[in-house]
Amino acid sequence: MTTATYPFTAVVGMADMRLALLLNAVSPAVGGVLVRGEKGTAKSTAVRALAALLPPVEVVSGCRFSCDPAAPDPQCPDGPHEPGTGAVRPARMVELPVGAAEDRLVGALDIERALSDGVKAFEPGLLADSHRGVLYVDEVNLLHDHLIDLLLDAAAMGASYVEREGVSVRHAARFLLVGTMNPEEGELRPQLLDRFGLTVEVTASRDTEERVEVVRRRLAYDEDPAGFAARWAEDEGSLRERIAAARALLPDVVLGDRALRQIAAVCAAFEVDGMRADIVTARTATALAAWAGRTDVRTEDVRQAALLSLPHRRRRAPFDAPGLDEDKLDEVLRRFEDEEPEPPKPDQGPGRDEGDGNGDGDGPDGGPDGPEGGPGGGLPHDGAQQPPSSPEPTVPGPRDGEPEAADGPEAPQESGTGGGAGAGGGGETAAVGAAEPFRTRRLDVPGLGEGAAGRRSRARTAHGRTTGARRPRGTLSSLHLTATVRAAAPHQHARGRSGPGLLVRRDDLREAVREGREGNLVLFVVDASGSMAARKRMGAVKGAVLSLLLDAYQRRDKVGLVTFRGTDAELALPPTSSVDAAAARLERLPTGGRTPLAAGLLKAREVLRVERLRDPSRRPLLVVVTDGRATEARRDGGARRDGAATPVARAGQAARLLAGDGIASVVVDCEAGPVRLGLAGALARELRGTPVTLDELRADSVTALVRDVRNVSTTRRAA
């Protein structure tokens, strides 16, 4: 049974998202859209519904690569095509799964036939299927790096190249790239982020009536998809006609010099990199004018275009959320208000509405059983996202040689939120800001892994330098030509070879074994006790952890955060791909109380045990941020019994358990001042890890980091 697609006009609210998608339907040159938002906000529903609104395309009959009969691709693998009429089919919406293999994306070449027969037997992939259509990637931020690289190449060149040991196939791949993502699961690489023409933020409505309408429509659709779609068919048809009319009007829209200077001034004011922002903003403003039924670009078009095309391109500090300061945008645009407006053009085109500039209002302005069912009547220009709140100022850390406040549980504590969590000794101080982050040295996990592709530790991966050959495991994706020839050579006489060609059979094929880098699980264990409560020290510590989080984001790691203070430890952030979430938790982290170091290490061990079951191929790296002190208070308030292990001894026992599990670790020594106890170094020895001072953590430090985590393997063998 065929299930009807949820109608686009039945989506409630989400004005920015619907407008961005419709503008791409009007002008594919805008360059696609990225929809960012929390789960359950109709992101995927709206994107899939867009396909039904796109105009049909004419293709060469029988061409697997959707060549245009009016201008067929001269290098099409199915060509050359004879001139003639083609077939008309609906525009395609092709979905790229997050876990797709490379061959599924770019296509597969039959290496055996290519080597033995010299025939380019090519099976097209998703890039070929999406040519002249839409390529949709749900959870695009979770896509593997090598697939992102292929997407970047195809989006930049408008073509896909498949290379296999000197045998190559090239075909056109021009598509509308649409992605959805939940920022809580990790951010997107800047290179791919810039490839999306527009970006929008979506959140669930807090209006009761609107939420009720969403539920009512969804239940009605689930009960009878075909009947629900039929009730919205008229609105869908009206919106489809309006898209076609805007496409027809688009070539007549004039982008005047005043609008161009506005666009250039806005892009310069927000310090965007490169010129792609200016070009995308200009195309978006032009599409907005066509959508409104006008042939002139106005200030409101430029403003709305900037709100859609610039938030993900502006320069921002690490972990700042994308967004645009609307007050600043209005201030830049006001500079042009005193200039004479451009005279109206004589050829305004059909559908010009002199009143509000939002079109002729003949699109669907509502629907059955609910208000504002679709965007048909003209979406407002004021539906952009709100600017993010300004970050709090950071507190710099102590400079070298600067005296610090007294440490330890008996040190004076600032009064903050009370003594709740710090009841074990000393009060709790309010959270302090992090010092300025810096570029850190790379910390590796020793050995050779086989985890998810990333940029931290050595691993066997699908991409990288070739280190050997083996029989294929599944579909052959990377041929090792020398090993294949060497395997086939001894059998040529038995196979009756008489000509110059090499007789190759499937058993002869060998795939390349490559070594690259993997992403790891970086679990931070941060001391938030009274011994770290001095504001200057905690600001420096948070700055160091923030720097390591930035490094983890760039190296495609998962991160987790365990903190300990008072009487116990807690998992402040379960392992996740969102380093933004970890940075937010770190910023709000208060300090105070005693130092249950053993509890923090044991909590980390439990977290790593669970994660090993969930994702056994991802190797962990434990980063303990502490000065090494360990003081505890009994939960029952009593004194420690005679003969019981001291807090330092219990911390050593917990460290040895982690070392026995084979966990690679780094201890960031936060102790400072002229008198040092060396407790963090002792903890590193118990963990069989590497001690690193805050100064040694910096990539540009004068002090050389001579001890690398990879040397841990030598220590383990000696032990």
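Between Arg594 and Ser529, every side-chain heavy-atom pair lies at or beyond the 4.5 Å cut-off. Proximity of Val667 to Thr690: side-chain heavy atoms (C-beta onward) are nowhere separated by under 4.5 Å. The shortest distance between side-chain heavy atoms of Val525 and Val623 does not fall below 4.5 Å. A 4.5 Å side-chain heavy-atom check between Lys558 and Arg618 finds at least one atom pair inside the cut-off. Counting heavy atoms from C-beta on, the side chains of Val624 and Val668 never come closer than 4.5 Å.
Counted by atom type alone, Thr693 and Asp669 present zero donor-acceptor pairs between their side chains at under 3.5 Å. A donor-acceptor contact closer than 3.5 angstrom links the side chains of Asn520 and Ser457.
In this structure, Ala459 and Glu450 approach most closely via the heavy-atom pair CB-N, 4.2 Å. A pairwise comparison of heavy atoms in Ala655 and Leu683 identifies CB-CD1, 3.9 Å as the closest pair. In terms of heavy-atom proximity, Arg565 sits nearest to Pro590 at NH2-CG, 3.6 Å. Counting all heavy atoms, side chain and backbone alike, Pro97 lies closest to Leu126 at CD-CD1, 4.1 Å. Nearest heavy atom pair, residue Pro596 against residue Gly566, reads CD-O, 3.7 Å.
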Can you list the steps and then say if Thr466 with Val513 is a side chain to side chain contact (heavy atoms under 4.5 Å, CB included)? CA-CA 6 Å; Thr466 302; Val513 176; over 6 Å; no
Mind running side chain to side chain contact (heavy atoms under 4.5 Å, CB included) on Val562 and Phe524 for me, showing each step along the way? CA-CA 6 Å; Val562 171; Phe524 294 93; over 6 Å; no
Between Arg36 and Val200, does the side chain to side chain contact (heavy atoms under 4.5 Å, CB included) criterion hold? Intermediate values first, please. CA-CA 6 Å; Arg36 298 165 44 96; Val200 292; over 6 Å; no
Check step by step if side chain to side chain contact (heavy atoms under 4.5 Å, CB included) holds for Asp661 and Leu608. CA-CA 10 Å; Asp661 293 340; Leu608 294 177; over 6 Å; no
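Checked options Asn141, Thr41, Asp138; the residue passing with Thr180 is Asp138 (criterion: side-chain hydrogen bond (donor to acceptor under 3.5 Å, both in side chains)). Of the residues Leu687, Leu658, Leu657, Leu621, the one that meets the side-chain contact (heavy atoms from CB on, under 4.5 Å) test with Ile663 is Leu658.
Residues satisfying the side chain to side chain contact (heavy atoms under 4.5 Å, CB included) test with Arg656, not counting sequence neighbours, are Gln653, Glu686. Among residues two or more places apart in sequence or in another chain, the side chain to side chain donor-acceptor pair (under 3.5 Å) test is passed with Arg206 by none. With sequence neighbours left out, Arg456 forms a side chain to side chain donor-acceptor pair (under 3.5 Å) with Asp551, Asp557. In terms of the side chain to side chain donor-acceptor pair (under 3.5 Å) criterion, residue partners of Asp194 (sequence neighbours excluded) are, by chain and number, Arg276, Arg313. With sequence neighbours excluded, the residues satisfying side chain to side chain contact (heavy atoms under 4.5 Å, CB included) with Glu515 are Leu448, Arg458, Arg465, Thr467. Taking the side chain to side chain donor-acceptor pair (under 3.5 Å) definition, one finds that Ser205 meets it with Glu210, sequence neighbours left out.
One distance of note links OG1 of Thr626 with CG of Leu679; it measures 8.5 Å at 0.5 Å rounding.
Between the side chain of Arg585 and the backbone N or O of Ala572 there is at least one donor-acceptor pair closer than 3.5 Å. A donor-acceptor pair is defined here as one N or O able to donate and one able to accept, closer than 3.5 Å; such a pair exists between the side chain of Thr631 and the backbone of Thr595. Not one N or O on the side chain of Asp444 forms a donor-acceptor pair closer than 3.5 Å with the backbone of Pro446.
Between Arg471 and Glu511, none of the side-chain N atoms (NZ, or NE/NH1/NH2) sits under 4.0 Å from a carboxylate O, so this pair counts as no salt bridge.
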